[in-house]
Protein chains: 2
Amino acid sequence: MKLDHGHKIYNQLTSAQIEKRLNDIGISATAQRIAICKYILCEADHPTAEDIKKWTDVNFPKLSRATVYNTLEVLVQAGLLKELKLPHTGKIVYDTNVAEHFHFLDSNTGKLFDVSPEECQVTLAMPNDISVQGVEVFLRGKISIK
Amino acid sequence: MKLDHGHKIYNQLTSAQIEKRLNDIGISATAQRIAICKYILCEADHPTAEDIKKWTDVNFPKLSRATVYNTLEVLVQAGLLKELKLPHTGKIVYDTNVAEHFHFLDSNTGKLFDVSPEECQVTLAMPNDISVQGVEVFLRGKISIK
DNA sequence: AAGCCACTTAGAATAAGTCTAAAAATAGCT
DNA sequence: AGCTATTTTTAGACTTATTCTAAGTGGCTT
């Protein structure tokens with residue numbers, strides 16, 4: 001579980017790089033979409049649609065709420081993002097980590113961390129006639145300060 | 001995992017029994033609360049607040065939406081119910097099973113089933129400075145028809 | 001009987017997300 | 001380049017679930 005969220009500062013992408021990534025997955029790279037991706041991929045950490053809207057209000061004025069939602073849908077469909085509904089708030093956040101993983105919520109700070117499948121293993125012993133296709137795990141707890 | 005939801009037909013409670021249960025946990029048993037409990041404990045299966053409101057509209061007219069929400073809060077506080085926010089819809093449902101357990105969603109029918117800790121075991125290998133206090137598991141899949 | 005307090009009521013307010021219809025941008029053809 | 005079709009974006013209205021508010025009700029207590 002990576003504790004520092006600052007790693008995104010090493011993840012700066014140019015607009016051209018983002019444009020290429022979008023084109024590669026068959027998404028036409030409009031100015032609005034590039035801006036939103038820049039925020040999601042390089043700055044934000046598990047942002048909500050509202051977080052993104054607030055950022056664009058400052059950094060890309062006139063971009064409408066609908067465009068935020070449309071773009072997020074496009075990105076999720078294309079597999080660039082994963083949508084995650086938080087059990088504690090019911091809010092939807094977007095995750096750039098599209099590999100299989102779970103989540104840990106620090107109840108002190110409200111911060112969300114990714115948990116790898118090595119750190120959290122689920123063993124199922126379900127009846128034969130049940131086929132499980134998806135497993136979501138949400139952990140809550142505290143990080144002790146040393 | 002209990003597949004039949006019809007077991008609640010064996011769980012009929014009289015108003016007097018519900019009244020006693022409420023009093024036992026320190027909740028004053030008003031007519032509205034008894035009615036709501038009757039539905040939740042004897043008829044419903046993972047109902048939403050709206051399900052309850054619809055039921056009272058028919059069976060206990062004039063009961064207001066706020067009373068539904070207030071009552072649910074009181075019952076959750078008292079430990080008679082567990083609140084559960086569903087990852088797929090984001091809706092809150094109420095569970096009369098207050099023992100530790102997880103959930104399985106049948107993606108064919110949208111029905112929700114309880115999964116016991118024996119059927120689903122979670123093994124954690126988290127860093128030392130993380131203390132996990134709560135584990136939620138949500139499974140999705142299909143039930144094969146024989 | 002008067003006052004008190006918990007509970008309930010109807011409806012307004014809020015918040016997150018979706019929808020709509022029109023305008024703007026873009027892409028494809030000739 | 002010019003014309004047309006398609007895609008994307010926009011502002012704002014709408015929806016849905018939940019919470020809030022302020023007034024009303026009803027049963028105890030003294």
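Chain identifiers are assigned alphabetically (A, B, ...) following the order of the sequence lines, protein sequences preceding nucleic acid strands; residue numbering begins at 1 within each chain.
- Residue A:S28 places no side-chain N or O under 4.0 Å from the OP1 or OP2 atom of C:dA27.
- The B:A66 side chain lies nearest to D:dC20 when the options are C:dC19, D:dC20, D:dT18.
- Between A:Q32 and D:dT10 there is a side-chain polar atom (N or O) within less than 4.0 angstrom of OP1 or OP2.
- With hydrogens and angles left out, the side-chain atoms of B:K142 and B:S107 include no donor and acceptor closer than 3.5 Å.
- As judged by a 4.0 angstrom heavy-atom cut-off over every strand, A:R33 is placed among residues touching the sugar-phosphate backbone only.
- Between the CD atom of A:E50 and the P atom of C:dA15 there is a distance of 10 Å, rounded to whole Å.
- Enclosure of atom NZ in A:K53 by more than 12 non-hydrogen atoms of other residues, nucleotides or ligands within 6.0 angstrom is indicated.
- Summarising the geometry, the separation between CZ on A:R65 and C1' on D:dT8 is reported as 18 Å, rounded to the nearest angstrom.
- A:K62 places its NZ atom 16 Å from the P atom of C:dA23, with the value rounded to the nearest Å.
- Listed candidates were C:dT20, D:dT9, C:dG17. Nearest to the side chain of A:A49 is C:dG17.
- Straight-line distance from the CD1 atom of B:I36 to the C1' atom of C:dC7: 12 Å, rounded to whole Å.
- Look at CD1 on A:I92: it is 11 Å from P on C:dA16, rounded to the nearest Å.
- Between A:T67 and the phosphate of D:dT8, there is no side-chain N or O to OP1/OP2 separation shorter than 4.0 Å.
- Contact check, B:Y69 against D:dT19: no side-chain N or O comes under 4.0 Å of OP1 or OP2.
- Taking atom NZ on A:K85 and atom C1' on C:dA15, their separation rounds to 14 Å, with Å as the unit.
- Checking the phosphate oxygens (OP1, OP2) of D:dT18, no side-chain nitrogen or oxygen of B:K53 falls inside 4.0 Å.
- Atom-to-atom, CG of B:L72 to C1' of D:dT19 comes out at 13 Å; the value is rounded to the nearest Å.
- The shortest distance between the side-chain N/O atoms of A:K91 and the OP1/OP2 oxygens of C:dA16 is below 4.0 Å.
- Counting to the nearest Å, the P atom of C:dA25 and the CD1 atom of A:I34 are 16 Å from each other.
- Surrounding CZ of B:R140 are more than 12 heavy atoms belonging to other residues, nucleotides or ligands, all under 6.0 Å away.
- The local environment of CG in A:D24 is crowded, with over 12 non-hydrogen atoms from other residues, nucleotides or ligands closer than 6.0 Å.
- A distance of 11.5 Å separates CG in A:N59 from CD1 in A:I36, rounded to the nearest 0.5 Å.
- OP1 or OP2 of D:dT9 sits under 4.0 Å from a side-chain N or O of A:T30.
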